Amino acid sequence: MDQTGKRILVIDDESQIRRLLKVSLSAHGYEVYEASDAQSGISNILTHKPDLIILDLGLPDLDGLDVIKAVRDWSKTPIIILSAREYESEKVKALDLGADDYVTKPFGMGELLARIRAGLRHKGDQVDQPILKFEDLVIDRVKRVVTVEGKEVKLTPTEYELLTVLAVNSGKVLTHSFLLRAVWGPHTENQGHYLRIYIGQIRRKLETDLARPKHIITEPGVGYRLI
Amino acid sequence: MLKPIIQVTGLIIAITLVAKHLADFLGLVNIAMIFLLPVLFGSVKWGLKIGVFAALAGVLVFDFFFVPPVLTFTVYDLRYLISFGMFLLIAFMIGRLSTRLREQIESSRKREAQTSALYSLSREIAAVSELDVVLQNVVRKITEISEGQVAILLPDNNGILALKCCSNPGIDPFFDERERTVAAWVYEHKQIAGKGTDTHSGVTGTYIPLISEQGICGVIRIVLRNQERYLQPEHQRLLEAFAGLTALAVSRISLVETAREAKLLSESDKLRTALLNSISHDLRTPLASMIGAVTSLLEYNHLYDEASRIELLQSIQQGAMRMNRLVNNLLDMARLESGMLKLNKDWCAIEEIIGAATKRLGPIIKDRYIKIDYAQCIPLINVDFVLIEQVVVNLLDNALKYSSPESKIVMNVRTSDKEMKVAVHDWGYHIPVEDLERIFDKFYRVRAPRQISGTGLGLAISKGIIELHDGKIWAENCPDDSVSITFVLPLELNAPEISLNMGALNHGSNR
């Protein structure tokens with residue numbers, strides 16, 4: 001999918017980070033706009049209508065979480081959070097408020113670009129895809145069959161459900177509570193151990209090296225991501 | 001007073017009756033001697049007064065019943081008056097001597113009791129290093145000995161006396177403003193005052209200063225139930241001895257505390273120095289390589305071919321990664337030490353934690369053979385995923401650093417009813433026995449045969465995290481020639497379990 005010419009707004013008070021992102025993202029064909037605080041960031045969203053927002057959580061004038069709330073009131077523009085390592089709960093809050101993904105500072109450019117690509121992909125893009133492919137892992141949603149390296153893998157209905165939710169949103173981090181709600185229904189947020197057990201079982205069936213899972217990636221303290 | 005008189009009188013009557021029957025046989029001289037018996041008996045048992053009473057009664061009875069003319073107090077022979085005088089004198093002497101003997105026995109018995117009370121108190125408070133426990137012991141002991149109320153007042157941080165320990169818990173009803181003033185006076189003048197003393201005797205309590213070599217450290221207040229005791233000098237001496245002992249204990253504890261504070265201070269001083277040394281070295285080294293590489297690329301770009309350019313860029317990347325690790329370690333340590341670290345516990349699968357850790361180690365671990373050996377059934381553990389992952393990362397990173405690139409690394413995960421044990425084995429340098437515990441200290445690093453980069457914080461952080469989870473962590477040199485670091489986490493009852501399929505026991509990987 002060609003993403004050149006897509007507009008990205010960077011809201012960060014650190015000029016060095018803005019400069020780095022401007023240079024690198026421009027080189028990848030994106031059109032980059034900058035804002036150094038929340039207020040100008042929000043007005044920038046109105047004027048430039050970006051396709052994706054990169055938002056630093058630690059802004060001088062407004063809490064990054066408030067920016068997400070303000071934006072989500074009237075816009076579905078994907079938001080990628082930049083945040084420091086030790087604030088897992090902040091990340092989860094941001095994701096629950098409607099942010100789409102996060103990158104932990106310091107980050108590698110490859111990682112950020114992967115997040116941007118996943119974010120720019122239209123949310124519903126993969127919902128209608130009958131066959132989802134992730135290297136050796138193939139999910140045939142018409143026949144409800146999952147294969148790894150061509151060999152069929154037997155999944156229970158719940159395991160299949162969980163895998164499909166991850167696959168449809170592939171590349172994006174999904175929080176524990178989102179997954180629990182999506183698979184087990186509302187009011188299951190504190191049943192975290194279901195998720196652990198089912199993820200463990202799916203991994204055992206899909207992954208060739210359990211010590212280094214290739215497809216279902218654990219985002220410590222936040223959730224899971226399928227790639 | 002009445003009972004001894006009756007008893008002595010009875011004895012005299014009995015002697016009179018017996019002597020009367022045997023008067024002819026005994027003779028007057030022996031009868032007089034027999035009348036010394038009640039004197040001896042009375043003065044030994046009840047003291048001098050009863051002895052004198054027995055002597056006088058004896059003389060009168062002897063005169064009345066035995067000295068002719070019998071049944072009158074008159075005597076024919078005036079020489080008998082000398083005998084009476086002698087009798088009284090001897091009786092008096094016997095009485096005095098035996099009374100003194102009695103007093104001596106009594107006082108030595110009392111002294112023994114006091115000594116043993118002092119001894120047992122000193123033994124009880126010598127081993128204790130908590131002030132409250134010592135004070136409670138003192139108060140209990142003095143209450144036992146002196147049968148009264150005891151309270152100990154120590155100065156607070158502002159130097160104002162405050163009730164620290166009291167024999168009857170709750171509010172001391174006698175402790176009003178006047179009492180307080182006397183207590184303050186005693187504290188200021190370092191002199192005993194209050195009831196039973198020469199100063200401020202109008203109040204209900206006796207106040208004894210707690211004086212040790214370091215000066216006054218408090219005041220002890222005693223209210224005796226038995227008012228007579230105020231007048232007994234040996235009782236007062238005993239209380240003073242108690243006060244001395246208490247003062248000694250209080251000042252000992254405050255000295256221990258001062259020493260502890262001093263040690264902490266010097267430790268934090270040492271820590272600061274170590275921190276500065278470590279940080280300046282560990283920050284400057286990567287910075288030097290980064291600045292060097294960047295300036296070469298900026299200023300002499302045309303001189304380099306593609307391969308050297310990539311090499312320079314990689315050295316920048318490595319330097320930056322290293323600084324990132326250091327900064328993360330320092331932040332973790334700071335958060336652990338400040339107590340700001342809050343556990344975000346949830347049910348976690350240990351294999352997932354280990355998976356996340358190996359993923360985070362990424363490129364450094366890629367070329368190493370790591371075997372992870374799980375037990376048959378692994379219950380979920382209720383821990384902070386991110387922090388335990390950090391521990392696994394630190395242990396693996398250590399194992400990688402301290403062993404040769406071609407050697408293997410083995411992780412064992414075992415569970416029992418109560419705990420989960422995770423061990424990381426490497427076949428690198430053995431840890432000297434004396435270092436097995438110290439490697440968990442901040443900035444402590446084993447002297448390895450080759451220079452190994454690191455901050456000396458990883459294991460200290462791991463220990464802090466494991467202890468926050470009520471677990472244990474230790475290092476061992478194992479019989480199979482490996483070096484292992486093991487941590488144990490407590491398991492909760494009814495933890496959800498993941499059962500592994502047979503054949504999926506070992507998840508090893510080879511390159």
Side-chain angles (χ1 to χ4, degrees), chain A residues 16 20 83-93 102 104-111 153-154 159 173 175-177 179-180 188-225 227, chain B residues 317 320-321 323-325 327-328 331-332 334-335 340-342 344-362 365-366 370-374 378-382 384-390 393 396 411 495-501 503-504 506-510:
Chain A
Q16 287 197 22
L20 167 75
S83 109
R85 181 183 60 110
E86 50 272 3
Y87 301 115
E88 277 78 23
S89 55
E90 286 254 294
K91 289 173 199 161
V92 174
K93 261 186 229 157
Y102 73 91
T104 305
K105 277 189 199 171
F107 50 84
M109 204 44 72
E111 192 188 351
V153 175
K154 290 262 176 241
E159 288 167 2
V173 66
T175 61
H176 296 138
S177 56
L179 285 169
L180 282 164
T188 49
E189 276 91 342
N190 46 9
Q191 304 288 319
H193 58 280
Y194 286 170
L195 193 55
R196 303 286 181 190
I197 291 173
Y198 277 92
I199 291 281
Q201 284 169 359
I202 299 175
R203 273 189 179 144
R204 217 160 277 122
K205 294 177 181 176
L206 302 184
E207 303 279 1
T208 39
D209 181 0
L210 268 181
R212 296 162 194 175
K214 203 166 67 179
H215 294 300
I216 302 178
I217 305 300
T218 304
E219 295 291 345
V222 179
Y224 295 97
R225 183 196 305 279
I227 52 172
Chain B
Q317 187 185 23
M321 297 285 220
M323 281 182 68
N324 185 37
R325 268 206 304 278
V327 170
N328 283 345
L331 284 176
D332 281 342
R335 283 198 300 160
M340 266 161 52
L341 202 61
K342 291 216 171 57
N344 184 14
K345 281 191 178 181
D346 194 5
W347 292 108
C348 301
I350 189 72
E351 50 171 355
E352 213 182 331
I353 295 179
I354 294 172
T358 48
K359 179 174 169 277
R360 185 131 76 86
L361 282 165
I365 207 170
K366 221 167 76 191
I370 297 182
K371 186 180 162 194
I372 303 174
D373 185 8
Y374 292 106
I378 310 173
L380 294 180
I381 39 174
N382 197 15
D384 187 313
F385 189 109
V386 180
L387 293 179
I388 298 299
E389 183 209 336
Q390 181 66 48
V393 165
L396 281 174
M411 279 190 83
E497 248 183 37
I498 298 182
S499 78
L500 294 184
N501 302 332
N506 302 337
H507 307 291
S509 75
N510 203 345

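On a predicted model such as this, the values are computed, not experimentally measured, just so you know. In the text below, chain A, chain B and the rest are named by the order of the sequence lines, each starting its count at 1.
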Side chain / backbone / both / neither for A:Y198 at chain B, heavy atoms under 4.5 Å:
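For A:Y198, there is no contact with chain B at all, as no heavy atom is under 4.5 Å.
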For A:L195, is it the side chain, the backbone, both, or neither that has a heavy atom closer than 4.5 Å to a heavy atom of chain B?
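No part of it gets close to chain B.
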Is the shortest heavy-atom distance from the side chain of A:T218 to the side chain of B:F385 under 4.5 Å?
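The answer is yes, as the side chains (C-beta and beyond) meet within the 4.5 Å cut-off.
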A:P220 to B:E389 - nearest heavy-atom pair and separation:
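A:P220 and B:E389 have their closest heavy atoms at CG-OE1, 2.9 Å.
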Rounded to the nearest 0.5 Å, what separates atom CZ in A:R196 from atom CD1 in B:I353?
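CD1 of B:I353 is found 7.5 Å from CZ of A:R196.
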Could you give me the CA-CA distance, side-chain angles and deciding distance for B:E351 and A:R204, then say whether salt bridge (Lys or Arg N to Asp or Glu O under 4.0 Å) is met?
CA-CA 11 Å; B:E351 50 171 355; A:R204 217 160 277 122; 2.3 Å; yes
Could you tell me whether B:M321 atom CE has more than 12 heavy atoms of other residues or ligands within 6.0 Å of it?
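Counting neighbours around CE of B:M321, 12 or fewer heavy atoms of other residues, nucleotides or ligands fall under 6.0 Å, so no.
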Between B:L380, B:D346, B:N382, which is the residue that forms a side-chain contact (heavy atoms from CB on, under 4.5 Å) with A:H193?
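Exactly one option meets the side-chain contact (heavy atoms from CB on, under 4.5 Å) with A:H193, and it is B:L380.
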